[in-house]
Amino acid sequence: MKIAVLGTGMVGQAIAGRFAELGHDVTVGTRDVDATLGKTAPDRMGNPAFATWVATRPDVRLATFAEAAAGSELLVNATNGSVSIDALRTVDDADLAGKVLIDIANPLDYSQGFPPTLFVKDTDSLGEQIQAAFPELKVVKALNTLTAPLMANPAQLTAEHSVFVAGNDADAKRTVGDILASFGHTDVIDVGDISSARGTEMYLPLWLRLMGALNTPYFNVKVVR
Ligand SMILES: NC(=O)c1ccc[n+]([C@@H]2O[C@H](COP(=O)([O-])OP(=O)(O)OC[C@H]3O[C@@H](n4cnc5c(N)ncnc54)[C@H](OP(=O)(O)O)[C@@H]3O)[C@@H](O)[C@H]2O)c1
């Protein structure tokens, strides 16, 4: 499948790399290709710059958000949640029409420091805001509840763990469920329409506290029933 992964951070790298490993045709989207390839310093968490990472991945291309989306069959939103709508607005409407968008972004607001708050919650969510701004997209909120390496390679945890999909289009959720299964996810729970993204996004305050308590981002929940 031709896939556009919008976002060059650790999520974009993990998801793009996994899709490429699985034989998909992957283009990563960024604001400015030359600027992104010109940055080589690791981020604050010590993750490699995109340029360093992609140098080891000749099977992954880099283009602008708009160029990556053009001709793609599936889109992934791995941009900073505070700018996801702006990033998607740079894409031609025709390149969004009818496509599935896996929305991994979280609505984190770091303006008051750490831990971040949520800039939308309770009665709305980033997933819903993206769906409302781009009604031609089939938005499926997924994978925003775990750290990037585990999104792409869930078997890094030895026990089974759960992930969630939320969206208005049943076929789109089935498509995303199949993709998550191809990554190795074995417990994908459909939590309902896109308003269910409120719940998966509002899990973030607990996720952040768990990361502090456990001193690692390598964990996830299992929904036992
Ligand atoms: N890190 C995790 O493990 C994790 C886990 C769950 C969910 N998430 C969510 O996944 C998303 C990606 O996270 P991340 O840590 O990989 O990276 P990030 O630093 O949150 O986002 C990086 C991306 O945002 C783009 N961006 C930043 N400012 C922009 C602007 N003004 N206009 C357009 N685009 C802009 C960057 O574009 P350029 O490429 O041009 O620099 C880059 O592609 C976030 O929403 C995050 O909350 C992350």
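Both counts, for ligands and for their atoms, begin at 1 and track the order of listing.
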Do the charged groups of Lys141 and Glu128 touch, with an N to O distance under 4.0 Å?
-> no
With Asp178 via side chain to side chain contact (heavy atoms under 4.5 Å, CB included) - residues at least two apart = none
Is Lys222 salt-bridged to Asp187, going by a charged N under 4.0 Å from an acidic O?
-> yes
Mind checking whether Leu74 and Ile104 sit in one hydrophobic cluster, side chains of I, L, V, M, F, W, Y counted as touching below 4.5 Å?
-> yes
Which distance, rounded to the nearest 0.5 Å, do you find between the NZ of Lys121 and the OG1 of Thr123?
-> 8.5 Å
Charged N-O contact under 4.0 Å between Lys138 and Asp171 | no
Run through ligand 1 for me and note each protein residue having a heavy atom under 4.0 Å from it, chain first, then residue number.
-> Gly7, Thr8, Gly9, Met10, Val11, Thr30, Arg31, Phe65, Ala78, Thr79, Asn80, Gly81, Val83, Ile104, Ala105, Asn106, Asn144, Leu146, Thr147, Ala148, Met151
